[in-house]
Amino acid sequence: MGKVLVFAEKPSVGKDIARVLKCTQKQNGFFEGPKYVVTWAMGHLVGLSDPEAYGNQYKTWSMETLPMLPERMKLTVLKGTGKQFQIVKSLMLRKDIDEIIIATDAGREGELVARWTIDKVGVKKPIKRLWISSVTDKAISEGFKNLKPGKDYENLYKAAVCRAEGDWLVGLNVTRALTCKFNAQLSAGRVQSATLAMIVAREEAIKNFQPKPYFTLSAKCKGIQLAYKGKKGDRFFDEKQIDTLIGKLEGSKAQVTEYKETSKKQYAPALYDLTELQRDANKRFGFSPKETLSVMQRLYENYKVLTYPRTDSRFLSEDIVPTLKERINAIAIGPYKIGAREVLKNGIKSSKHFVDNSKVSDHHAIIPTEESPDLSKLNSDERKIYDLVVKRFLSVLLPPMVYNEGVLEVSSEGECFVAKGKKVIEPGWKILYEIEADEDEDEVVQSLPEVKKGETVVLEQFFKTKQMTKAPSRFTEATLLSAMEKPHQYVEVDQKAAKTLGETGGIGTVATRADIIEKLYNMFYIEKSGKEIVPTSKGKQLIELVPVDLKSPLLTAEWEMALEQISKGKQDPKAFMKKIRVYSEELVQSVKGSGEKYIHDNLTGKRCPECNKLMLEVKGKHGKLYVCQDRNCGYRENISRFTQTRCPNCHKKLELRGEGEGQIYVCTTCTFREKLSVFNKKYRSESKKVDKKSVQKYLKEQTKKEEGNFAFAEAFAKLNK
């Protein structure tokens, strides 16, 4: 009897599977055992060939060779993966290998990693599929007991191929067309262009916004503040109106028209999918979406303490419920012990608030695995992400917060004033977050006086407050993720388009959004100003040059809808690709016929050492650099690096310029300039003396109060070293 080849996506997962399957013979690029041989890819081993593979005419970028529409797309072994590909190929073709088990990531892209490799090798052996959401020993063992037939996932593979080939045809054709037409290094694509268009549109809205003054009115009564509630809203844009109203109300008596107290429940927010986790990590810790995904990947693959990260579901399926007790026992350590005990004491009850089969597609929400973590092995970033996931997991299993909401409404001279009060009866899941401020809550919590309906009261004092209407906020990485997920809330579309965007999950997928944002930075289309994202001149100009429908979120939403249908076998992939080819041709013709111009407004007087052309100064994510304006040259040179070090004069962040011993800190706000070596000696060595015992006592008290707050625990640990 022959052996079975197991093909994982990465070496770390391959090693875990090999251990579970008792493949103890370590070879070059694989493990072997009595029944199984386990090998792996390194992400993609195989990808679509570059245009040059279809003929020498494509080696030079020119309008004459566009559009590029190969009849059949070719596959190539990717640079840097040739050695591992040859190992995988030899194993797949081995005569004693009778069957292949695909054990790559359980999703569309994971399917593509495996199937493209199998296609490139040209092997025709039976295929089975391992489909798991975590890589713990238990999950792997269970998965191998429940292997699926490979044919169940053929439509998923077809959808993945359509996505890849479609992006190649559209992206490369429009990128070459724009670059050749305007002689500048420009790139476009259905997802990145739609994302950039939203950022540019937001910037235009801010630029064109004209602030207007308005006034609000409040009154004091029985020691509490009541807000004016008019029939046409609570804002006055005419100051005379509000002054007249105050004159009318002063000295008048008011009557309590309503006073009621209602018992309410507030359930914990839904479990994390990747986008929600990336949003929270950006808001709380300033992590970029790419950084969050990278940390999550380590917690999933290396530590095996969290489930599969690239999920778009915030719910669990029914089959996960029996495993919850084991997961809770695994996390009942350190700062989570109290919460875990509370859950086990109350009993685990399946609830529609976190269990819903209809809202789980390929993968359920991100939750802890049955593997108990060694928290001391996690670095600071890993602890922060792990903490977010575990607390959210425990919170949905704890009872809701129960509170009484009081509403007091008084009327005077036909005008209405309202106050709300809130009294927590049972904190429920909120016990996990006692020390954290809820940024999303916008409530004025006050205790209402005891009054009766119909009672006469006096409005003692009136407060007129002048405010200005505010322009829309610039996107941060957190709010941009929200916009990519629900673009219909940020762009003007008709009702039908809004429905399509809502159903398809917006622009891109949970797996690709982080990469799209990074690409916009790397192409210098956007830059950061503090936490805010600002489009560059290049980004703004590109949006003017890109064909209209390519920058609409509706295009990518329609693609995703079609790909979803293909993955379910409900749409013909050939018909989809035929439309994409026609569309690619239309895009090229649109760019060819454009009368627009592109202007480099960041040209410097510095010449490129390679081709002697003037260079551009650009601001990347990590610093400033010179880039040759000639796209064929591609020369780059660092100018400065952004740092976290603060200026001793104005406390703004400093830039680090120069190389080696000549490095200097420069403040772009004030005149501060100082050599790196001098700065370190002058400012960093002058640590202020502190009373160590007092600090220890304070940190000890705070750590007790704030169990689970790692910032205090880490500070205390450092001080005790």
Legend entry - Close side-chain approach of L277 to R392, heavy-atom, < 4.5 Å: no
Inset, instruction - May I ask you to test the S187-Q192 pair for a side-chain heavy-atom distance under 4.5 Å? - result: yes
Inset, instruction - Report yes if some heavy atom in the side chain of D273 is under 4.5 Å from a heavy atom in the side chain of S313; otherwise report no. - result: no
Legend entry - Euclidean distance, K10 NZ relative to T104 OG1, rounded to 0.5 Å: 11.5 Å
Legend entry - Sidechain N-carboxylate O distance under 4.0 Å for R310, E109: no
Legend entry - Non-hydrogen atoms of V389 and I366 that approach each other most closely: CG1-O, 3.7 Å
Legend entry - Backbone N/O of V191 and side chain of T556: donor-acceptor pair under 3.5 Å: no
Legend entry - side chain to side chain donor-acceptor pair (under 3.5 Å) between D374 and Y303, worked out: CA-CA 9 Å; D374 182 348; Y303 297 105; over 6 Å; no
Legend entry - Under 3.5 Å donor-acceptor, R314 side chain and L271 backbone: yes
Inset, instruction - Check step by step if salt bridge (Lys or Arg N to Asp or Glu O under 4.0 Å) holds for K531 and E477. - result: CA-CA 8 Å; K531 280 192 171 184; E477 285 172 336; over 6 Å; no
Inset, instruction - Please list, chain by chain and in numerical order, all residues satisfying side chain to side chain donor-acceptor pair (under 3.5 Å) with D381, sequence neighbours excluded. - result: none
Legend entry - Main-chain N/O of W40 paired with Q84 side-chain donor or acceptor, under 3.5 Å: yes
Legend entry - salt bridge (charged side-chain N to carboxylate O under 4.0 Å, His left out) partners for R190, two or more places apart: D167, E560
Legend entry - Which residues share a side-chain contact (heavy atoms from CB on, under 4.5 Å) with A478, sequence neighbours left out: R279, N282, K283, T476
Inset, instruction - Assess the pair Y300 and Y308: is the distance between their ring centroids shorter than 6.0 Å? - result: yes
Legend entry - By side-chain contact (heavy atoms from CB on, under 4.5 Å) - contacts of A330 (at least two apart): S372
Legend entry - Inter- and intrachain pairs under salt bridge (charged side-chain N to carboxylate O under 4.0 Å, His left out), touching residues 111-120, at least two apart: E111-R115, E111-R129
Legend entry - R19/D16 ion pair, N-O < 4.0 Å: yes
Inset, instruction - Applying side chain to side chain contact (heavy atoms under 4.5 Å, CB included), run through E617 and K624 and close with a yes or a no. - result: CA-CA 7 Å; E617 184 180 313; K624 291 178 185 172; 4.0 Å; yes
Legend entry - T645 side chain reached by K653 side chain, heavy atoms, under 4.5 Å: no
Legend entry - Residues which pass salt bridge (charged side-chain N to carboxylate O under 4.0 Å, His left out) with R657, listed by chain and number, not counting sequence neighbours: E655
Legend entry - Close aromatic pair by centroid cut-off 6.0 Å: Y153 and W131: yes
Legend entry - Under 3.5 Å donor-acceptor, T136 side chain and E371 backbone: no
Inset, instruction - Report the C-alpha distance between T369 and R327 in whole Å, list the side-chain angles of each, state the deciding distance to 0.1 Å, and finish with yes or no for side chain to side chain donor-acceptor pair (under 3.5 Å). - result: CA-CA 6 Å; T369 65; R327 294 171 197 266; 5.9 Å; no
Inset, instruction - Taking side-chain contact (heavy atoms from CB on, under 4.5 Å) as the test, write out the residues that go with T81, two or more places apart. - result: L45, V77, L78
Legend entry - Residue pair K304 / L299, side-chain heavy-atom distance below 4.5 Å: no
Legend entry - Test log, rule side chain to side chain donor-acceptor pair (under 3.5 Å), inputs T479 and S482: CA-CA 5 Å; T479 56; S482 298; over 6 Å; no
Inset, instruction - With the side chain counted from C-beta on, respond yes when I543 and L196 share a heavy-atom pair under 4.5 Å apart, and no when they do not. - result: yes
Inset, instruction - Side-chain contact test, heavy atoms from C-beta onward, threshold under 4.5 Å: evaluate it for V295 versus F285 and give yes or no. - result: no
Legend entry - For D515, side-chain contact (heavy atoms from CB on, under 4.5 Å) partners two or more places apart: K290
Inset, instruction - Output, in order, the C-alpha distance, side-chain angles, deciding distance and verdict of ring pair (Phe, Tyr, Trp, His ring centres under 6.0 Å) for F393 and F354. - result: CA-CA 9 Å; F393 173 65; F354 66 93; 8.3 Å; no
Inset, instruction - Applying ring-ring contact (aromatic ring centres under 6.0 Å, His included), name anything that partners F7, two or more places apart in sequence or on another chain. - result: none
Legend entry - Partners passing ring-ring contact (aromatic ring centres under 6.0 Å, His included) against Y626 (at least two apart in sequence or in another chain): none
Inset, instruction - List in chain and number order the residues that pass salt bridge (charged side-chain N to carboxylate O under 4.0 Å, His left out) with D312, two or more places apart in sequence or in another chain; answer none if no residue qualifies. - result: none
Legend entry - Flag, side chain of E326 to backbone of E370, donor-acceptor distance under 3.5 Å: no
Legend entry - Side chain proximity check, T311 to H364, heavy atoms < 4.5 angstrom: no
Inset, instruction - With sequence neighbours excluded, tell me which residues meet salt bridge (charged side-chain N to carboxylate O under 4.0 Å, His left out) with E382. - result: R298
